[in-house]
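See structure below.
Residue numbers start from 1 in every chain, and the chains themselves are labelled A, B, ... in the order their sequence lines are given, proteins ahead of strands. These numbers come from a predicted model, not from an experiment.
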Number of protein chains: 2
Amino acid sequence: MIGTPAGAVAERRAARVAEIVATAWELARDEGIGGLTLHGLARRLGIRQPSLYAYFESKNALYDAMFADGNRKLLERLDAQRLPNDPRRAVKASMQAFVDFVLADTPRCQLLFQRPIPTFEPSAESYALAEDVLGRVIARLDAAGVEDQGDIDCFVAMVAGLVDAQISNDPGGTRWTRHLDRLVDLYLDDANRRSTP
Amino acid sequence: MIGTPAGAVAERRAARVAEIVATAWELARDEGIGGLTLHGLARRLGIRQPSLYAYFESKNALYDAMFADGNRKLLERLDAQRLPNDPRRAVKASMQAFVDFVLADTPRCQLLFQRPIPTFEPSAESYALAEDVLGRVIARLDAAGVEDQGDIDCFVAMVAGLVDAQISNDPGGTRWTRHLDRLVDLYLDDANRRSTP
DNA sequence: GTCTATAGTTTGATAGAC
DNA sequence: GTCTATCAAACTATAGAC
């Protein structure tokens, strides 16, 4: 109460939580997202496994924090980006940033966009962040004249297909993602053609 | 030795193996591919868990048999199909059959095309079957004038993206797959345009 | 080929002292 | 908040009798 700035305790705690989450990502990169265990995480943090329960009430809660963290960072990246005025160029730049971010970290990509942990489902709060990400993409497509839900669905599925093929068959390479710009043109042309016949 | 046709024992055994694999798929449909355990499988077969080791030397060997089984059935389906003479129609019919087959069974789709069991990797023999499936697709694309590796990659990734979105977000529905024919046209037109400028 | 019995491991989670 | 100690559960796999 005395000499302690209001919220300082909470801040300390939040910093510790962030550190644990960062270490969890680190461990996931070494052992795979499926190889992440509370024992292993505690060992890397230099504490004992039960101590983690002071921060996360279950393993799923840890996954949820990681899921939220990944989406928040992606959102930050998308929002920090200075986009070209031309809507089509903006879509390309935006999707390029998206793909780069996603491919930079395999386990993060898996946790955010695949379902590598069958027992884990994000909480409503965390899921809302994922919807925000999708909202950014949709907004940029809309600006480029893509408004039809079917066109949006196809576009998103195409990007997801590229990312998935890339990370599954050639992580670190560009065999699939190098076609991104061309395919964006293809999809946008087609959508524009059909929406203004 | 006497009165026993040559190979009859092997046949009986193969039939039993096939029965076990079929039951494993059945169980996977009920419990999820991740919920498949040797105890549960044995229970459904009316035997005890260690008895399974008379047929499979490990759980991964069971997964491998399932993986091979799924690919073999898909291959049969693709080969049994009577295709239109027009190459483009043939591609469409072929991919429609592919998507229908794949979406008809969620856990099979997961085992064949995703990586739901991190510890499982198919044996060389089983993987060859998966390559055969891809070979069929490539042959039909080739007949329709798609020969460039990049174009093939994009096409395959697009179909995979549709399937994945469909099964993850709307299993049993057609929100994504209904665009298949249109997208086939889009990709084929584009590939043809660039290969014969 | 099937059984009983059991080993051996891994892992998430809780109780309670400090 | 961190510790020790421990639980409980689930599961793969093996040994050896029949």
Fill in the blank from the handout: B:Leu52 atom CG is separated from C:dG1 atom P, nearest whole Å, by 13 Å

Exercise for the section: Could you check how far CG of B:Leu62 sits from P of D:dC11, rounded to whole Å? Expected result: 14 Å

Exercise for the section: Would you check if the distance from the ring center of A:Phe113 to the ring center of A:Phe101 is below 6.0 Å? Expected result: no

Exercise for the section: Before accepting this row, confirm whether a basic side-chain N of the pair A:Asp185/A:Arg88 lies closer than 4.0 Å to the acidic partner's carboxylate O. Expected result: yes

Exercise for the section: Return the value, rounded to whole Å, for the distance between atom CZ of B:Phe56 and atom P of D:dC11. Expected result: 19 Å

Practice task
Using whole Å, report how far CD of B:Glu19 lies from P of C:dG1.
Solution key: 13 Å

Handout entry: Residues B:Arg194 and B:Asp148 bridged, charged N to O under 4.0 Å
Key = no

Practice task
Choose from C:dT4, C:dG12, D:dT2 the nucleotide whose nearest atom is closest to any side-chain atom of A:Thr37.
Solution key: C:dG12

Practice task
Measure from CG on A:Leu45 to P on D:dC3 and round the result to the nearest Å.
Solution key: 10 Å

Exercise for the section: For D:dC3, take OP1 and OP2 only and decide whether either is under 4.0 Å from a side-chain N or O of A:Ser51. Expected result: yes

Exercise for the section: Have a look at B:Arg12 and say if it touches a base, only the backbone sugar-phosphate, or nothing, with a 4.0 Å heavy-atom cut-off. Expected result: nothing

Fill in the blank from the handout: Applying side chain to side chain contact (heavy atoms under 4.5 Å, CB included) to B:Arg193 and not counting sequence neighbours gives B:Asp189, B:Asp190

Practice task
Determine, for B:Lys59 against B:Asp64, whether the closest basic-nitrogen to carboxylate-oxygen distance falls under 4.0 angstrom.
Solution key: no

Handout entry: Rounded distance in Å - CG (A:Leu41) to C1' (C:dT11)
Key = 14 Å

Handout entry: Rounded interatomic separation in angstrom, taking OH from A:Tyr63 and P from C:dT11
Key = 10 Å

Exercise for the section: Report the distance from atom CZ of B:Arg43 to atom P of C:dC3, rounded to the nearest whole Å. Expected result: 14 Å

Problem - NZ/NE/NH1/NH2 to OD/OE distance under 4.0 Å, B:Glu76 and B:Lys73 - result: no

Problem - Heavy atoms from other residues, nucleotides or ligands near CZ of A:Arg182 exceed 12 (cutoff 6.0 Å) - result: yes

Exercise for the section: Go through C:dG1, D:dT2, D:dC3 for me and flag the one nearest to the A:Arg48 side chain. Expected result: D:dC3

Identify each atom pair where a protein N or O and an N or O of nucleotides 13-17 of chain D are less than 3.5 Å apart, giving names and distance.
{"unit_1": "D:dA13", "atom_1": "OP2", "unit_2": "B:Tyr53", "atom_2": "OH", "d": "2.7"}
{"unit_1": "D:dA13", "atom_1": "OP2", "unit_2": "B:Lys59", "atom_2": "N", "d": "2.9"}
{"unit_1": "D:dA13", "atom_1": "O5'", "unit_2": "B:Tyr53", "atom_2": "OH", "d": "3.2"}
{"unit_1": "D:dA13", "atom_1": "N7", "unit_2": "B:Gln49", "atom_2": "NE2", "d": "2.9"}
{"unit_1": "D:dA13", "atom_1": "N6", "unit_2": "B:Gln49", "atom_2": "OE1", "d": "3.2"}

